[in-house]
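Beneath this line is the structure, given in structure tokens, with notes to follow.
Naming: A, B, ... by sequence-line order, numbering from 1 per chain.
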Protein chains: 2
Amino acid sequence: MKKPTLEDVAQAAGVSRATVSRVINTPDTVTPELRVRVEQAIAQLGYQPNLVARSLASRRTNILGLIIPCVAQSLFTDPYYPGLIQSIAQASNANGQTLSLFLFHTREEEEQVYRRAIGSGLVDGLIVTAEEIDNPYFLEIVEREIPFVYIGRPHTHIEHINYVNVDNVGGAYIATDHLINLGYRRIAMIAALMNTTTGLDRYQGYCDALADHAVALEKDLVAVGDFSRESGYQAMLQLLPAEPDAVFVANDSMATGALQAIREAKLTVPGDIALVSFDDLPPAANANPPLTTVRQPVHRLGTIAVETLIDVLANGLEPARHTILPTELVIRASCGAGSRVP
Amino acid sequence: MKKPTLEDVAQAAGVSRATVSRVINTPDTVTPELRVRVEQAIAQLGYQPNLVARSLASRRTNILGLIIPCVAQSLFTDPYYPGLIQSIAQASNANGQTLSLFLFHTREEEEQVYRRAIGSGLVDGLIVTAEEIDNPYFLEIVEREIPFVYIGRPHTHIEHINYVNVDNVGGAYIATDHLINLGYRRIAMIAALMNTTTGLDRYQGYCDALADHAVALEKDLVAVGDFSRESGYQAMLQLLPAEPDAVFVANDSMATGALQAIREAKLTVPGDIALVSFDDLPPAANANPPLTTVRQPVHRLGTIAVETLIDVLANGLEPARHTILPTELVIRASCGAGSRVP
DNA sequence: TAGTTTGCTGAGAGCGCTCTCAGCACCGGT
DNA sequence: ACCGGTGCTGAGAGCGCTCTCAGCAAACTA
């Protein structure tokens with residue numbers, strides 16, 4: 001049995017195609033009597049509109065694309081992306097949109113995936129995360145004026161980009177500030193990828209806090225990782241000889257790595273070294289000891305990204321929308337607050 | 001500037017629409033001379049086919065749907081799904097398909113999401129994970145003969161379901177068998193949700209192994225969790241009074257919870273209690289001590305699911321395809337192998 | 001009463017593509 | 001020279017929907 005079409009419903013109800021379309025899309029423009037007849041026909045035939053045909057005719061697919069370049073497999077190891085994907089999916093549902101996921105790992109995949117996401121008419125708009133700022137495809141999105149929202153902070157040299165981001169500078173500041181207030185002075189940092197704005201901003205906040213308290217920034221108290229647990233472990237190994245009394249780590253995953261390095265060095269947290277990190281994803285609360293960490297509102301990040309995109313779709317690209325979400329320090333055991341007299 | 005269409009390319013190249021279409025879809029049926037002319041026109045105009053129009057005409061969208069019911073937020077806490085999503089995305093790319101993600105958390109969302117995924121013509125086929133077996137929408141997929149692949153083992157009372165699964169019974173068997181061979185005798189199990197086939201199968205493997213070695217199955221050596229870390233913690237608490245010398249835990253997340261409960265009881269792993277779990281996701285290797293665990297090939301699971309679906313799409317529903325992937329025991333510290341003389 | 005205005009409905013023209021089918025040139029076989 | 005292939009191409013009919021616009025009756029204004 002073939003799927004019924006608008007035409008079939010129209011015939012069954014003894015009206016025109018246009019009227020059935022109206023009953024579905026703008027019910028209040030149809031006489032109640034006719035509407036009921038059409039609704040019955042729809043129910044009886046089990047009619048469901050064909051979204052593809054609708055998209056072609058209306059030039060609106062109601063599909064949102066989410067682009068995530070899976071550099072360094074971090075999608076797999078860091079719970080940040082699952083949370084983001086989930087919230088974006090949820091927000092898409094709430095707005096009646098379908099979500100298409102564009103992940104890629106290699107350059108060839110990237111080319112192919114972007115081709116499908118851009119200019120094929122498949123998606124109405126795009127949410128882009130963690131893309132390198134000078135990526136040619138990313139620039140193409142901007143130039144072709146495809147409605148999109150960036151998650152993160154784009155480089156400033158491109159104007160009029162819609163984005164939503166968390167306050168990384170501020171979060172890193174309060175984390176470092178917290179350590180200083182607890183009386184620590186040799187505060188190290190395990191920073192992250194300095195070619196990402198996130199890595200840059202968190203380092204910035206650390207520097208700002210030190211400066212505001214007139215604590216000198218020492219070169220050998222800063223190590224750099226790549227957000228992964230393993231890199232946190234290595235960075236901590238590198239930091240240990242400098243004998244820090246506290247470490248601010250740019251994310252939770254690296255902090256768990258650092259924790260292991262400290263444990264293996266027969267030192268304790270926070271007794272010998274205090275730790276504060278960033279993200280507040282599940283590993284933070286589950287670590288031993290539980291991590292004091294800066295919570296970023298991942299869920300709101302996704303929700304607002306979708307809402308911003310919907311707004312752009314409805315009201316045009318101008319003016320550019322920017323949202324910076326506040327962060328919050330979650331105090332647990334690893335910073336030594338409570339066990340310590342400043 | 002409007003997007004160029006087939007018609008525009010045809011005019012620019014001085015051929016018919018049909019010929020341009022052929023150059024794009026079946027290039028070798030067109031005279032080289034014409035083909036070159038068309039290709040130049042395409043390049044010059046920057047033409048890209050409109051996928052929506054193509055879908056409507058060809059009745060093939062090349063979109064695959066992935067349905068994940070986010071019961072109990074486990075998508076967020078368990079790294080299983082991120083890995084699965086990633087592999088499915090990658091396999092979709094490799095097969096020139098676009099992936100649409102259908103997640104939902106509430107009943108209303110479920111209704112809405114399923115409506116969009118089924119019968120709207122949006123997707124060619126579906127990959128369904130972890131759905132309750134008596135879910136009405138799931139049954140609808142089966143009845144309407146929508147091409148789909150189930151990830152997991154469906155209940156046997158529905159025939160002709162394509163599925164791909166890991167050998168949960170076998171994996172649980174080798175895990176338990178391993179503990180028995182190491183000389184443990186009071187082997188407890190933290191099982192998982194007995195209304196899932198995964199939970200059931202892993203329990204089955206445990207029972208089988210005990211039976212084969214003539215070790216009695218004791219009621220108070222079995223506790224049940226829901227795959228979450230927290231439930232593993234609770235289950236371990238419940239098990240502790242029965243004084244097991246080893247525990248087989250149905251997944252890694254619960255094992256990390258169990259680890260914490262054991263640590264808090266001032267007992268050591270594997271000294272006082274040995275632990276073996278299931279999954280081999282990142283938390284397993286990163287735990288303290290590292291977990292001996294049964295590795296399931298998550299990546300292949302996703303790849304094969306996609307390939308099976310593509311096969312169904314190309315060659316029809318019959319016969320039903322079943323794939324069971326083998327599991328493998330990864331021996332680390334938590335089982336006490338090496339430190340123990342059986 | 002005539003002339004608007006208003007409110008619904010149906011006809012029909014697309015949306016941009018695929019795909020069948022007829023048409024036409026050209027081939028070799030007889 | 002005739003005929004049945006063979007290989008390409010173009011015309012045109014959809015795919016299932018939206019949306020404009022004309023048409024028409026009822027309601028209002030003067």
Side-chain angles (χ1 to χ4, degrees), chain A residues 1-39 41-42 45-63 96 98 116 119-124, chain B residues 1-39 41-42 45-63 96 98 115-116 118-124:
Chain A
M1 187 187 87
K2 244 186 102 283
K3 278 210 64 186
T5 69
L6 253 203
E7 186 66 50
D8 300 331
V9 176
Q11 251 168 39
V15 297
S16 73
R17 228 166 46 231
T19 300
V20 181
S21 180
R22 278 187 209 102
V23 169
I24 293 169
N25 298 307
T26 51
D28 31 305
T29 65
V30 178
T31 321
E33 185 207 358
L34 270 191
R35 182 178 6 170
V36 170
R37 229 162 72 205
V38 171
E39 279 165 352
I42 289 177
L45 294 175
Y47 169 74
Q48 253 186 283
N50 180 312
L51 293 186
V52 177
R54 171 181 288 179
S55 297
L56 181 59
S58 67
R59 251 145 298 173
R60 202 60 161 77
T61 62
N62 289 313
I63 299 178
T98 301
R116 217 165 335 127
S120 71
L122 223 203
V123 304
D124 289 338
Chain B
M1 188 187 89
K2 246 187 100 283
K3 280 210 63 187
T5 69
L6 251 203
E7 186 66 51
D8 299 331
V9 176
Q11 250 168 38
V15 298
S16 73
R17 228 166 45 231
T19 300
V20 181
S21 180
R22 277 187 209 102
V23 169
I24 293 169
N25 300 306
T26 51
D28 32 304
T29 64
V30 179
T31 321
E33 185 207 357
L34 270 192
R35 185 180 0 175
V36 170
R37 230 162 70 206
V38 171
E39 279 164 353
I42 289 178
L45 294 176
Y47 170 75
Q48 253 185 283
N50 180 312
L51 294 186
V52 177
R54 171 182 288 179
S55 297
L56 181 60
S58 67
R59 250 145 301 173
R60 202 62 160 75
T61 63
N62 289 312
I63 298 179
T98 300
R115 281 277 70 81
R116 217 162 338 123
I118 307 181
S120 71
L122 224 202
V123 304
D124 290 339

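One N or O on the side chain of B/S55 and one on the backbone of B/L51 form a donor-acceptor pair closer than 3.5 Å. A donor-acceptor contact shorter than 3.5 Å links the side chain of B/D124 to the backbone of B/T61.
Using a 4.0 Å heavy-atom cutoff across all strands shown, A/V52 reaches no nucleic acid atom at all. B/L51 comes within 4.0 angstrom of no nucleic acid atom, judged by non-hydrogen atoms across all strands.
Considering only side-chain N and O atoms, B/N50 lies nowhere under 4.0 angstrom from the phosphate OP1 or OP2 of C/dC15.
Closest approach of A/L56 to B/A53, counting heavy atoms only: CD1-CB, 3.7 Å.
Rounded to whole Å, atom C1' of D/dC8 lies 13 Å from atom CG of B/D28. In this structure, the CG atom of A/L122 is 14 Å from the C1' atom of C/dC17, given to the nearest Å. Rounded to an integer number of Å, the gap from B/L56 CG to D/dC15 C1' is 4 Å. The CG-P distance, from A/N25 to D/dT18, rounds to 5 Å in whole Å.
If you find the closest nucleotide of DNA chain C to A/R17 and to A/L34, the one lying nearer the 5' end belongs to A/L34. Nucleotides of DNA chain D nearest to A/A18 and B/T29 differ in position, and the one nearer the 5' end is that of B/T29.
Put simply, the side chain of A/R22 and the base of C/dG10 share a donor and an acceptor less than 3.5 Å apart. Under 3.5 Å, the side chain of B/R59 and the base of C/dT18 form no donor-acceptor pair of N or O atoms.
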Q) Passes side-chain hydrogen bond (donor to acceptor under 3.5 Å, both in side chains), B/T98 versus A/R116? Steps please. A) CA-CA 8 Å; B/T98 300; A/R116 217 165 335 127; 2.9 Å; yes
